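Single-structure report; data block below.
Everything numeric here is computed off the predicted structure, so don't read it as measured data. The figures here come from the full heavy-atom set of this structure, side chains too, leaving out hydrogens, waters and symmetry mates. Proteins come first, then strands; the chains are lettered A, B, ... in the order of their sequence lines, and each starts at number 1.
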Protein chains: 2
Amino acid sequence: MINQKDNIETEEKVLEAARDIFQKKGFFGARMDEIANKAGVNKALLHYYFRSKEKLFDKIFQEALGEFIHKVVGVLNGDLPLDVKIYRTVDMYSNMLSHNKDLPLFVLSTLQENPDLMIRMIKSTQGEFLPNLSRQLQDENLAGNITKISTHEFFINLVSLTIFPFLVQPVMMGAFNLEEEDFKQMINERRRKVPKMIIEILRP
Amino acid sequence: MINQKDNIETEEKVLEAARDIFQKKGFFGARMDEIANKAGVNKALLHYYFRSKEKLFDKIFQEALGEFIHKVVGVLNGDLPLDVKIYRTVDMYSNMLSHNKDLPLFVLSTLQENPDLMIRMIKSTQGEFLPNLSRQLQDENLAGNITKISTHEFFINLVSLTIFPFLVQPVMMGAFNLEEEDFKQMINERRRKVPKMIIEILRP
DNA sequence: GTCTATAAAGGGATAGAC
DNA sequence: GTCTATCCCTTTATAGAC
């Protein structure tokens with residue numbers, strides 16, 4: 001009973017370590033030993049808490065994908081004006097990825113190997129993916145404010161310009177001789193520039 | 001002596017299989033057995049030709065990264081008009097990735113784990129990365145034809161809108177209920193639309 | 001060059017003591 | 001709950017026959 005507090009702390013420590021290692025190295029690159037060491041516990045404890053490597057990985061991945069999806073749904077499917085949604089989406093992803101550089105590649109790699117994980121997660125939010133946004137894009141088009149565009153095209157343009165720079169950070173730094181600081185500055189400038197580009201693209 | 005032709009064919013068979021498996025599963029996910037089976041030869045032969053898993057992987061990766069870089073340099077650093085370069089870059093990458101879906105994630109994942117691989121490759125092409133493009137962007141700006149933009153910003157916008165859609169194909173298909181055919185059509189439309197967007201963004 | 005057989009190491013999982 | 005010791009399967013790599 002005295003140890004119940006310890007349990008939770010230990011379990012959370014393990015999850016934190018697992019997050020870090022799995023996101024950096026993927027399922028096959030990660031080692032249970034490494035996770036245990038990083039968490040400051042013994043390898044056997046991982047199995048005590050999570051039974052198997054696979055189950056531990058699943059937990060980490062669901063969490064990561066969920067964050068990715070729910071955050072963007074929260075913004076894009078709300079009822080703010082379109083331009084505000086655009087600014088907030090860029091800002092939200094920029095913040096998230098600045099603090100967690102390995103996240104996007106981790107999620108995309110895992111989904112590529114196992115695409116039905118995505119379908120399972122979306123199906124749980126039954127129906128259309130971003131219904132409010134879809135309606136908004138149609139309405140704004142009918143009102144003559146923006147050009148005609150499908151929801152998935154709008155979405156892909158927005159997230160491409162926002163997320164892809166993080167994926168190619170090593171490429172950019174190597175190719176254009178940028179320092180860490182230059183890259184950060186570029187990302188910060190893009191919080192302003194990307195929305196402007198998206199709005200430019202939407203002009204009727 | 002009679003077997004010399006066979007050697008080359010065998011080696012190429014192995015490389016082809018290795019390309020496929022490594023690009024799908026990454027270094028740690030790939031199994032030498034699987035590559036051998038796919039190539040229709042014995043596992044021991046892989047070591048005979050390439051000595052170790054790591055050396056075989058390196059060969060595949062260098063090849064992949066090289067193709068990625070040299071092709072885009074060939075277009076963007078040539079001396080075509082800017083708008084033609086934009087169209088050709090989008091077209092070139094769209095073709096390349098339509099026939100090789102696993103390539104971008106493979107290259108990006110490997111570079112994330114080992115960023116100096118990029119630096120090594122770029123350094124071999126000494127000096128600035130895309131010097132002609134840089135000059136062209138400056139000249140066009142001075143002539144009042146385009147807005148002021150750095151080479152790496154131009155580059156990142158262009159490749160983001162072109163490559164990222166391939167990376168999120170499983171996401172898009174799951175989230176927006178698209179079929180393989182819908183996705184292909186979207187990619188084809190983007191050959192026209194992405195250059196228009198980039199040119200729009202460049203307007204002074 | 002290509003194969004079979006096997007060595008050698010790695011790593012996930014469990015038993016059992018505390 | 002947490003640890004040590006160990007099991008055992010998988011996988012890379014090599015030896016040696018053909």
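For C/dT14, the OP1/OP2 oxygens have no side-chain nitrogen or oxygen of A/His47 closer than 4.0 Å. Between B/Thr10 and C/dT2 there is a side-chain polar atom (N or O) within less than 4.0 angstrom of OP1 or OP2. Close to D/dG1, at under 4.0 Å from its OP1 or OP2, lies a side-chain N or O of A/Asn7. Distances shown here put a side-chain N or O of A/Tyr49 below 4.0 Å from the OP1 or OP2 atom of D/dT2. Put simply, B/Ser52 has no side-chain N or O that comes within less than 4.0 Å of OP1 or OP2 on D/dT12.
In this structure, B/Phe50 atom CZ and D/dA13 atom P are separated by 13 Å, rounded to whole Å. The interatomic distance linking A/Ile35 (CD1) with C/dG12 (C1') rounds to 11 Å, in whole Å. Rounded to an integer number of Å, the gap from A/Asn42 CG to D/dT6 C1' is 13 Å. We find that NZ of B/Lys55 is positioned 16 Å from P of D/dT12, with the value rounded to whole Å. One atom, CZ of B/Phe57, and another, P of D/dT12, lie 13 Å apart when rounded to the nearest Å. In this structure, B/Asn37 places its CG atom 13 Å from C1' of D/dT11, rounding to the nearest Å. The distance from atom CD of B/Glu9 to atom C1' of C/dT2 is 15 Å, rounded to the nearest whole Å. To the nearest angstrom, P of C/dA17 lies 17 Å from OH of A/Tyr48.
Using cut-offs of 30° and 60° on the angle between ring planes, the pair A/Phe22 and A/Phe57 is perpendicular. Relative ring orientation between B/Tyr93 and B/Phe68 is described as tilted, the plane-to-plane angle lying within the 30° to 60° band.
At a non-hydrogen distance threshold of 4.0 Å, B/Ala30, B/Arg31, B/Met32 from residues 24-34 of chain B come into contact with DNA chain D.
Picking from C/dT4, D/dG1, C/dG1 the nucleotide with the shortest atom distance to the side chain of A/Leu45 gives D/dG1. Checking C/dG12, C/dT14, C/dC3 against every side-chain atom of A/Arg51, the shortest atom distance belongs to C/dT14. Distances from the side chain of B/Lys43 to the nucleotides D/dA13, D/dG1, C/dT4 place D/dA13 closest.
Checked by distance alone, A/Lys53 brings no side-chain donor or acceptor within 3.5 Å of a matching partner on the base of C/dG11.
A cation-pi arrangement is absent between A/Lys101 and A/Phe166, since the terminal nitrogen or guanidinium carbon is not both under 6.0 Å from the aromatic centre and inside a 45° cone about the axis.
Applying the side-chain hydrogen bond (donor to acceptor under 3.5 Å, both in side chains) definition to pairs two or more places apart or across chains, those involving residues 154-164 of chain B are A/Arg190-B/Asn157.
Looking only at atom types and distance, the side chain of A/Gln185 has no donor-acceptor partner in the side chain of A/Glu181 under 3.5 Å away.
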>> Walk me through whether B/Gln112 and A/Lys24 qualify under side chain to side chain donor-acceptor pair (under 3.5 Å).
In response: CA-CA 8 Å; B/Gln112 170 137 327; A/Lys24 270 202 177 63; over 6 Å; no

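Just one of B/Ile156, B/Leu76, B/Leu137 meets the side chain to side chain contact (heavy atoms under 4.5 Å, CB included) condition when paired with B/Thr151; it is B/Leu137.
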